[in-house]
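Ligands are counted one by one from 1 in listed order, and the atoms in each one are counted from 1 as well.
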Amino acid sequence: MNAIEVTGMTVTQVLGYGIQKGKTEYYRGVEMTMNLLPKIQVDIVVSKVPVAAVIQAARQAIYTRHIGDGKIFVYDVEDVVKIRTGESGVDALQGEE
Ligand SMILES: Nc1ncnc2c1ncn2[C@@H]1O[C@H](COP(=O)(O)OP(=O)(O)OP(=O)(O)O)[C@@H](O)[C@H]1O
Ligand SMILES: [Mg+2]
């Protein structure tokens, strides 16, 4: 992400499931279905950096070809305000030039 000049990210430990609906495991001989598996959620907001570049970089970093590699959700963010300077929109995402 540094290489494509992404200026920030948020990383959160989350629980989730996809198509496989978690997985079945044995605990003390008892079959247990874990419906929610620990996952990492990464939020990246960009303006100048193309979304396609972020998707490509993320896939390059994460892809193992195995199930559970994760998903990338793309959606619009209405605005960003940088508290220190009061800048909004694209200016709020850039460092001082
Ligand atoms: N439809 C969805 N809505 C919200 N979150 C989802 C959705 N699908 C997957 N996730 C989140 O992404 C995580 C990883 O999903 P996962 O990679 O297992 O998706 P998948 O569709 O099952 O693909 P695969 O078959 O490669 O495993 C889930 O644990 C969940 O947190
Ligand atoms: Mg899955």
Side-chain angles (χ1 to χ4, degrees):
M1 291 305 161
N2 281 336
I4 60 168
E5 293 181 356
V6 163
T7 57
M9 70 168 67
T10 305
V11 178
T12 313
Q13 292 181 298
V14 297
L15 296 173
Y17 71 85
I19 298 291
Q20 291 78 21
K21 302 204 180 342
K23 64 177 180 194
T24 300
E25 278 186 355
Y26 285 86
Y27 178 72
R28 296 186 170 176
V30 180
E31 194 177 279
M32 311 261 296
T33 303
M34 302 281 294
N35 289 122
L36 293 169
L37 299 177
K39 295 282 176 177
I40 302 291
Q41 178 174 337
V42 178
D43 293 329
I44 296 174
V45 176
V46 292
S47 181
K48 280 190 183 164
V49 178
V51 172
V54 177
I55 292 172
Q56 190 187 23
R59 289 198 68 220
Q60 256 172 34
I62 292 164
Y63 175 81
T64 70
R65 86 186 162 80
H66 296 295
I67 61 169
D69 268 0
K71 283 204 170 87
I72 299 170
F73 299 94
V74 179
Y75 49 86
D76 288 333
V77 171
E78 209 165 301
D79 205 356
V80 185
V81 176
K82 181 163 171 167
I83 291 173
R84 178 169 62 83
T85 59
E87 293 163 301
S88 63
V90 58
D91 293 336
L93 290 178
Q94 306 299 311
E96 273 107 79
E97 312 263 322

Can you list every pair where an N/O of ligand 1 is under 3.5 Å from an N/O on the protein?
from     : atom 1 : to  : atom 2 : distance (Å)
ligand 1 : 8 (N)  : K71 : NZ     : 3.2
ligand 1 : 17 (O) : G70 : N      : 2.7
ligand 1 : 19 (O) : K71 : NZ     : 3.4
ligand 1 : 21 (O) : K71 : NZ     : 2.4
ligand 1 : 22 (O) : I19 : N      : 2.7
ligand 1 : 22 (O) : Q20 : OE1    : 3.0
ligand 1 : 25 (O) : Q20 : NE2    : 3.1
ligand 1 : 27 (O) : Q20 : OE1    : 3.0
ligand 1 : 27 (O) : G68 : N      : 2.7
ligand 1 : 29 (O) : G16 : O      : 3.3
ligand 1 : 29 (O) : Y17 : N      : 3.1

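The backbone N or O of V14 sits nowhere less than 3.5 Å from a side-chain atom of T12 that would complete a donor-acceptor pair. Between the T7 side chain and the L93 main chain, a donor and an acceptor come within less than 3.5 Å of each other. Judged by distance alone, the side chain of K39 and the main-chain N or O of G68 form a donor-acceptor pair under 3.5 Å. Although no hydrogens or angles enter the test, the distance criterion places no donor-acceptor pair under 3.5 Å between the side chain of D69 and the main chain of Y63.
With a cut-off of 2.8 Å, the protein N/O/S atoms near the Mg ion (ligand 2) add up to 1.
Hydrophobic clustering places I44 together with I4 (ILVMFWY residues linked when any side-chain heavy atoms are closer than 4.5 Å, directly or through intermediates).
In terms of heavy atoms, A92 sits closest to V80 at CB-O, 3.6 Å.
Taking a 6.0 Å sphere around CG of D79, one finds it holds more than 12 heavy atoms contributed by other residues, nucleotides or ligands. For Q13, the CD atom sits in a loose shell: 12 or fewer heavy atoms of surrounding residues, nucleotides or ligands are nearer than 6.0 Å.
How far CD1 of I72 is from CZ of R59: 7.0 Å, rounded to the nearest 0.5 Å.
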